[in-house]
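Predicted model, so just to flag it, every value in this text is computed and none were measured.
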Amino acid sequence: MTGTLPFMSTNNLDIALNNDANYIPTPRSGLDDWESLIYVLSWLGTFGINITDEAQRIADLKAQKLEKKRRLIAGLKGGTSLGQTKQKILKPYEDLDIKEWREGEIRKIITMKRTHLESYSKFDTFIVQDFYKDEYSSLQTLVHELRNNLFDNAKCLPECKGTFILATIDPPTNPFKSRIDYASDIMKDLLAVVRAQRDKAIQRINDSK
């Protein structure tokens with residue numbers, strides 16, 4: 001299970017974590033697979049969608065560190081300003097929030113995933129803005145639309161909204177269980193998102209010929 005922690009839905013992680021005889025899990029559904037897809041796409045967006053991009057990201061990080069050191073030395077020696085480039089500033093692994101999807105106790109991983117995907121703005125701030133390339137803008141749009149349709153789907157608001165189970169309020173709310181009743185409609189919306197992005201990608205390819 002260790003190798004799949006970053007990509008498992010929080011519901012499946014919760015089921016794996018709990019061995020209490022009184023624990024009543026949220027039934028697994030296709031929604032868990034769609035949630036996992038968001039994690040996979042986000043991971044690829046952050047570290048590179050293929051081996052070439054992954055290797056280039058590592059090389060770009062090394063070059064970025066060397067450039068930072070060069071600018072520092074130039075400044076200390078009283079050199080002229082080297083000017084700012086428009087190159088995307090990359091974060092090393094240890095500074096990325098997405099690392100919380102694979103490190104630490106399972107309960108912490110669940111909490112961090114649900115925090116990062118709780119809203120559009122949090123997902124954008126914690127995860128999407130760290131996507132490797134500006135050219136990944138279509139992938140950024142895709143994961144945002146998938147998150148919105150899965151966790152904030154207008155067809156089942158407000159009982160399905162969000163990513164946190166509020167057991168201390170009366171009545172308690174569990175958006176994951178509430179979404180099960182709407183799973184078919186939600187999955188249709190999610191599939192429509194993927195198809196729309198696919199069609200746009202095909203159009204861009206045709207336009208570039």
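- A 6.0 Å sphere centred on CD of E94 holds more than 12 heavy atoms belonging to other residues, nucleotides or ligands.
- Under a 4.0 Å N-O distance rule, the pair R114/E118 does not qualify as a salt bridge.
- Take E145 and apply the salt bridge (charged side-chain N to carboxylate O under 4.0 Å, His left out) test, not counting sequence neighbours, and it matches no residue.
- Q129 pairs by the side-chain hydrogen bond (donor to acceptor under 3.5 Å, both in side chains) definition with D124, not counting sequence neighbours.
- The shortest side-chain heavy-atom distance between I98 and D130 does not fall under the 4.5 Å cut-off.
- Separation of atoms SG (C160) and NZ (K177) is listed at 13.5 Å; rounding is to 0.5 Å.
- The salt bridge (charged side-chain N to carboxylate O under 4.0 Å, His left out) test applied to K108 returns E100, not counting sequence neighbours.
- Listed by chain and number, the residues in a side-chain hydrogen bond (donor to acceptor under 3.5 Å, both in side chains) with E54 amount to none (sequence neighbours excluded).
- Residues that satisfy the side-chain contact (heavy atoms from CB on, under 4.5 Å) test with D189, not counting sequence neighbours, are N149, N153, K155.
- Between F47 and W43, a ring centre-to-centre spacing shorter than 6.0 Å is recorded.
- Other residues, nucleotides and ligands place no more than 12 heavy atoms under 6.0 Å from the CD1 atom of I51.
- The same ILVMFWY cluster, assembled from side-chain heavy atoms under 4.5 Å apart, contains both F7 and Y93.
- Here R147 pairs with D152 under the salt bridge (charged side-chain N to carboxylate O under 4.0 Å, His left out) rule; sequence neighbours left out.
- Take R107 and apply the salt bridge (charged side-chain N to carboxylate O under 4.0 Å, His left out) test, not counting sequence neighbours, and it matches D14.
- For D207, the side-chain contact (heavy atoms from CB on, under 4.5 Å) criterion is met by Q203, not counting sequence neighbours.
- Checked for salt-bridge contact, K99 and E103 miss the test: no charged N lies under 4.0 Å from a carboxylate O.
- Within the structure, every pair that satisfies the ring pair (Phe, Tyr, Trp, His ring centres under 6.0 Å) test and touches residues 139-160, not counting sequence neighbours, is listed here: Y120-H144, F123-H144.
- For the side-chain hydrogen bond (donor to acceptor under 3.5 Å, both in side chains) test, residues two or more places apart in sequence or in another chain that qualify with K133 are D53.
- What you find for L31 and I180 is that their closest heavy atoms are CD1-N, 4.4 Å.
- Applying the side-chain contact (heavy atoms from CB on, under 4.5 Å) criterion to L37, with sequence neighbours excluded, gives W34, L41, L146.
- Smallest separation of non-hydrogen atoms from I205 and S208: O-OG, 2.7 Å.
- The backbone N or O of P6 lies less than 3.5 Å from a partner atom in the side chain of K113, making a donor-acceptor pair.
- Among residues two or more places apart in sequence or in another chain, the side-chain hydrogen bond (donor to acceptor under 3.5 Å, both in side chains) test is passed with S178 by none.
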